[in-house]
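Read through the structure below, which is laid out as C-alpha cells, and then see the notes.
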Amino acid sequence: MRLLQADGRASIRSVAEQVHVSRANAYARINRLIDDGVIRGFTARVNHERAGQGASAYITLKIVQNSWRTVREQLRELPGAAHIALVSGDFDVLLLVHTPDNRTLRELVLTRLQAIPEVLSTRTLLVFEETDLLDAGPGPGPVGGSAAISEE
C-alpha cells in the first residue's frame with residue numbers, strides 16, 4: 001500500500017518486482033484491496049502553491065449540536081475545501097482549505113463559513129509550511145527512495 005500511496009501510477013510489474021511476488025499475485029492483491037474498500041481510488045498529490053492556491057489554513061468550527069450532517073454538506077461545497085473532520089475536544093469540526101491568497105481566505109471565513117447558521121464560531125490557523133509525509137523518503141525526486149507494499 002505504501003508503494004501505491006507514493007506512486008499511484010506504478011505499474012503492476014513494478015509493484016511485483018519491488019515486493020518480490022509475481023505480477024499475477026500483485027494484481028490479485030491490489031484488486032482485493034480495491035474490492036475490500038481499503039484502496040478507495042488513485043489521485044494526484046498537488047503542490048497547492050504551484051497550482052495557484054498559495055494560502056492554506058486549518059479552520060476549527062464549533063457547531064450546533066446534532067448538525068454535523070447538515071454542516072458537512074455545506075462545507076463540501078466551499079471552494080478550496082480539502083479535508084473535513086468531525087473531531088472531539090474544544091471544537092467540533094476541523095476543516096482544511098486552500099485558497100489563492102489571504103484575501104480569498106478571509107472572504108471564505110467571514111462571508112461563507114460564518115453565514116452557515118449552524119456554525120457558532122470559527123478559529124483560523126494559517127499554514128506557514130507543510131510536509132507531505134508520503135514524499136519524505138530518502139533518495140532523489142518527490143516520491144523518495146524505494147518503498148514496500150504491505151503483504152495485506
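From Leu110, atom CG reaches atom OG1 of Thr122 across 7.5 Å, with rounding to the nearest 0.5 Å.
Residues that satisfy the salt bridge (charged side-chain N to carboxylate O under 4.0 Å, His left out) test with Arg13, not counting sequence neighbours, are Glu17. Checked against side-chain hydrogen bond (donor to acceptor under 3.5 Å, both in side chains), Thr60 has no partners two or more places apart in sequence or in another chain. Remark: Ser14 pairs with Gln18 by the side-chain hydrogen bond (donor to acceptor under 3.5 Å, both in side chains) rule, at least two apart or across chains.
Within the 4.5 Å cutoff, the side chain of Ile12 has heavy atoms near those of the Ile30 side chain. For the pair Leu113 and Leu61, the minimum side-chain heavy-atom distance is below 4.5 Å. For the pair Leu105 and Val109, the minimum side-chain heavy-atom distance is below 4.5 Å.
Judged as a ring pair (Phe, Tyr, Trp, His ring centres under 6.0 Å), not a single pair has a partner in residues 5-29 (not counting sequence neighbours). Residue pairs satisfying the salt bridge (Lys or Arg N to Asp or Glu O under 4.0 Å) criterion with at least one member in residues 99-124, sequence neighbours excluded, are absent. For residues 33-66, the set of pairs meeting the ring pair (Phe, Tyr, Trp, His ring centres under 6.0 Å) definition, not counting sequence neighbours, comprises His48-His98.
Hydrophobic clustering (side-chain heavy atoms under 4.5 Å, transitive across Ile, Leu, Val, Met, Phe, Trp, Tyr) groups Leu78 together with Val71.
Other residues, nucleotides and ligands contribute only 12 or fewer heavy atoms inside 6.0 Å of the CG atom of Asp90. Within 6.0 Å of atom CD in Glu73, more than 12 heavy atoms from other residues, nucleotides or ligands are found, so the atom counts as buried in its surroundings. Within 6.0 Å of atom CD in Gln114, more than 12 heavy atoms from other residues, nucleotides or ligands are found, so the atom counts as buried in its surroundings.
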